[in-house]
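Only this structure's heavy atoms are used, side chains among them; waters, hydrogens and symmetry mates stay out.
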Amino acid sequence: MSDSDQGRSGIQVIARAAAILRVLRDNTEGMSLGQIADRVELPRSTVQRIVGALQAERLVIATSSGGSIRLGPEITALSEATRYNVVEECRLHLSELSRRLGETADLSVLRGAGMIFLDQVPGTHRLRTISAVGDVFPLTTTANGRAALALLPEAEARSLVEAEWKRAHQPGDWPAFARMLADIRSQGIAEDADEHTIGISALGGAFRDRNGEIHAISVPVPTPRFRAMRGTVEAELRETLDRVRQHFSGR
């Protein structure tokens, strides 16, 4: 085999490995080799060979029962190594959004079953909303959580939503919630009207970074002020989200 043939073969293997990792990213509970092969449209033997190589590097692992494959700890380590880059790359956008509105602007990331706050630029009003970096917010009652859920496949979103309702001992109406997520997908903006914290409302929008992780930018505002400036908050947030999405898409 010539050097050029070997180069093309190596590129093909990398592309196939990346496709497998993306499929596992979107199916956090794990998948069998057969399921992976169906999704990436490759022979099972090819998938088994690539998965074996990924396991050796701890990029994927087998579940305790051995029946499913899921993303491994090395993926988490690589993701953690990029987290602060995402914060740095979004900091200017957050600062400009906060300055234009005079309100707090937040950056969070979807991790596990909640939204973790990575960064915040406080507003300039005396009455303002503040959350600590590292705080974990729920998914179903927050603007950033709802925006993040809207980017997930419906089955994965439903699993997270119903698990949160169960933990909170709350009844839930999935068909109604699914319709709300569909509206968020269509409009690109999610809202929390006094649902997470009484007296605070928020708008939020989500995006994927270069690694495919879901982040959200949100603007929480004391509800009396929010009612009067909702349109302005939405317009400025949309502009910021457009810039951030273009930045991470490389366009």
Side-chain angles (χ1 to χ4, degrees), residues 1-91 93 107-113 115-116 118 147-157 159-160 185 205-217 241-251:
M1 182 181 292
S2 68
D3 289 345
S4 61
D5 288 338
Q6 289 178 335
R8 283 193 294 271
S9 177
I11 291 170
Q12 184 182 58
V13 170
I14 292 171
R16 289 174 170 179
I20 290 171
L21 292 173
R22 291 190 186 100
V23 165
L24 293 174
R25 177 197 67 194
D26 295 334
N27 294 270
T28 56
E29 294 181 358
M31 302 175 71
S32 69
L33 289 173
Q35 290 172 326
I36 297 171
D38 287 342
R39 288 289 299 275
V40 298
E41 299 180 345
L42 289 172
R44 189 181 186 280
S45 59
T46 300
V47 169
Q48 185 172 13
R49 189 165 57 250
I50 295 173
V51 165
L54 293 172
Q55 280 184 288
E57 300 297 331
R58 300 199 310 157
L59 292 168
V60 302
I61 58 173
T63 59
S64 57
S65 64
S68 296
I69 302 296
R70 61 190 303 174
L71 293 180
E74 192 63 23
I75 288 288
T76 302
L78 292 171
S79 176
E80 288 291 336
T82 66
R83 187 186 73 176
Y84 294 104
N85 288 336
V86 172
V87 170
E88 291 168 6
E89 292 179 71
C90 288
R91 182 70 183 190
H93 296 291
L107 174 68
S108 54
V109 62
L110 174 61
R111 289 282 171 80
M115 298 300 295
I116 300 178
L118 300 180
L149 286 168
L151 289 189
L152 292 173
E154 184 165 318
E156 186 176 353
S159 177
L160 289 171
R185 291 187 196 101
F207 63 93
R208 288 189 184 273
D209 67 12
R210 296 185 187 91
N211 297 317
E213 278 202 300
I214 296 177
H215 293 72
I217 292 176
L241 287 167
D242 285 344
R243 291 175 179 172
V244 169
R245 288 165 181 154
Q246 289 172 9
H247 175 79
F248 283 107
S249 68
R251 294 197 300 270

Side-chain donor or acceptor of Arg185 paired with backbone N/O of Ala150 under 3.5 Å: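 It does hold such a pair.
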Enclosure of Glu57 CD (heavy-atom neighbours >12, cutoff 6.0 Å):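 Atom CD in Glu57 is not crowded, with 12 or fewer foreign heavy atoms closer than 6.0 Å.
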Are more than 12 heavy atoms, taken from residues, nucleotides or ligands other than Arg22, located less than 6.0 Å from that residue's CZ atom?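 Counting neighbours around CZ of Arg22, 12 or fewer heavy atoms of other residues, nucleotides or ligands fall under 6.0 Å, so no.
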Quick one: does [X]'s side chain get under 4.5 Å of [Y]'s, heavy atoms only?
X      : Y      : result
Leu110 : Met115 : yes
Ile69  : Met31  : no
Glu213 : Arg111 : yes

Would you mind telling me which of Ile61, Leu71, Val60 makes a side chain to side chain contact (heavy atoms under 4.5 Å, CB included) with Leu54?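 Checked Ile61, Leu71, Val60 against Leu54; only one passes side chain to side chain contact (heavy atoms under 4.5 Å, CB included): Val60.
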Can you tell me how far [atom2] of [Y] sits from [atom1] of [X], rounded to the nearest 0.5 angstrom?
X      : Y      : atom1 : atom2 : result
Arg210 : Glu89  : CZ    : CD    : 4.0 Å
Asn211 : Leu21  : CG    : CG    : 11.0 Å
Leu118 : Leu107 : CG    : CG    : 5.0 Å

Looking at residues at least two apart in the chain, or sitting in another chain, which of them share a side chain to side chain donor-acceptor pair (under 3.5 Å) with Arg70?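 Result, side chain to side chain donor-acceptor pair (under 3.5 Å) vs Arg70: none returned.
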Return all side-chain donor-acceptor pairs below 3.5 angstrom for residues 32-51, not counting sequence neighbours, or 'none' if the list is empty.
{"unit_1": "Ser32", "atom_1": "OG", "unit_2": "Gln35", "atom_2": "N", "d": "3.1"}
{"unit_1": "Ser32", "atom_1": "OG", "unit_2": "Gln35", "atom_2": "OE1", "d": "3.4"}
{"unit_1": "Gln35", "atom_1": "OE1", "unit_2": "Ser32", "atom_2": "N", "d": "2.8"}

Could you tell me which non-hydrogen atom of Leu160 sits nearest to which non-hydrogen atom of Gly112, and how far apart they are?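 That closest heavy-atom pairing would be CD2-O, 3.8 Å.
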